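Data first, discussion second: the structure below is written as structure tokens.
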Amino acid sequence: MPAHDDVKVRKAGFLMAFGETARARRSALGLTQRQLDARMGYRGKFSGGVERGVRNLTLDNLYLLAAALQTDPRDLLDGT
């Protein structure tokens, strides 16, 4: 089981790093989380979960997030 635990730890680190990259881009654009969510077509607190590293994205949502942040999806992944 140690291998599985290691994967969980690496996944958590990846999601946190991704969230930090997304937060930095959002801040650079001067957007609030609510404004970013609206750009993505969401009413809830979607981007907050991403930025905290607790929301796992689908590829569809990765694309929506990148478009809302005016960047390429690969740029968001490069920071991880």
Side-chain angles (χ1 to χ4, degrees):
M1 292 269 190
H4 179 69
D5 290 342
D6 184 48
V7 169
K8 288 173 66 175
V9 169
R10 288 186 314 199
K11 177 185 167 188
F14 174 82
L15 292 174
M16 289 295 297
F18 180 86
E20 290 171 11
T21 300
R23 178 183 297 124
R25 179 68 183 159
R26 177 183 60 78
S27 294
L29 291 173
L31 297 172
T32 65
Q33 288 179 348
R34 183 172 287 198
Q35 290 169 325
L36 178 57
D37 288 345
R39 283 185 174 198
M40 293 180 67
Y42 290 109
R43 291 185 187 174
K45 300 177 181 179
F46 185 86
S47 61
V50 171
E51 291 181 4
R52 289 189 311 278
V54 297
R55 182 174 297 273
N56 194 356
L57 297 174
T58 63
L59 292 176
D60 288 338
N61 282 328
L62 171 62
Y63 189 85
L64 286 175
L65 178 62
L69 291 172
Q70 302 171 351
T71 192
D72 188 280
R74 291 172 286 223
D75 293 338
L76 294 174
L77 293 169
D78 282 345
T80 59

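In what follows, residues are counted from 1 in the order of the sequence shown. Please read all numbers here as calculations on a predicted model, not as lab measurements.
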ring-ring contact (aromatic ring centres under 6.0 Å, His included) partners of residues 41-60, not counting sequence neighbours, each pair once: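 Passing the test, one end in residues 41-60: Tyr42-Phe46.
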
Of all pairs that satisfy ring-ring contact (aromatic ring centres under 6.0 Å, His included), the ones with a partner from residues 49-78, not counting sequence neighbours: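 Not a single pair qualifies under ring-ring contact (aromatic ring centres under 6.0 Å, His included).
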
From [atom1] ([X]) to [atom2] ([Y]), nearest 0.5 Å:
| X | Y | atom1 | atom2 | value |
| --- | --- | --- | --- | --- |
| Thr21 | Leu77 | OG1 | CG | 8.5 Å |
| Leu59 | Leu64 | CG | CG | 11.0 Å |
| Asn56 | Lys11 | CG | NZ | 5.0 Å |
| Leu15 | Leu57 | CG | CG | 8.0 Å |
| Ser27 | Leu69 | OG | CG | 10.0 Å |
| Leu31 | Arg25 | CG | CZ | 9.0 Å |

According to salt bridge (Lys or Arg N to Asp or Glu O under 4.0 Å), who are the partners of Asp72, at least two apart in sequence or on a separate chain?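 Checked Asp72 against salt bridge (Lys or Arg N to Asp or Glu O under 4.0 Å); matches are Arg74.
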
Using salt bridge (Lys or Arg N to Asp or Glu O under 4.0 Å) as the criterion, list what pairs up with Arg26, not counting sequence neighbours.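 Only Glu51 meet the salt bridge (Lys or Arg N to Asp or Glu O under 4.0 Å) criterion with Arg26.
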
With Arg10, which residues qualify under side chain to side chain contact (heavy atoms under 4.5 Å, CB included), at least two apart? Asp6, Val7

Closest contact, heavy atoms only, Ala22 versus Leu65: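 Minimum heavy-atom contact is CB-CD2, 4.3 Å.
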
The side chain to side chain donor-acceptor pair (under 3.5 Å) partners of Thr32 (sequence neighbours excluded) come to Gln35

With the side chain counted from C-beta on, respond yes when Arg52 and Lys45 share a heavy-atom pair under 4.5 Å apart, and no when they do not. no

Count I, L, V, M, F, W, Y as connected when their side-chain heavy atoms are under 4.5 Å apart, and connections chain through other members. Are Leu36 and Leu29 then in the same cluster? yes

In the single-linkage hydrophobic clustering (I, L, V, M, F, W, Y; side-chain heavy atoms under 4.5 Å), do Val54 and Leu62 co-cluster?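 No, because Val54 and Leu62 fall into different hydrophobic clusters, even though each may have its own neighbours under 4.5 Å.
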
Test applied, side-chain contact (heavy atoms from CB on, under 4.5 Å); reference residue, Val50; option that passes from Gln33, Arg23, Arg55, Met40: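 With Val50 as partner, side-chain contact (heavy atoms from CB on, under 4.5 Å) holds for just one option, Arg55.
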
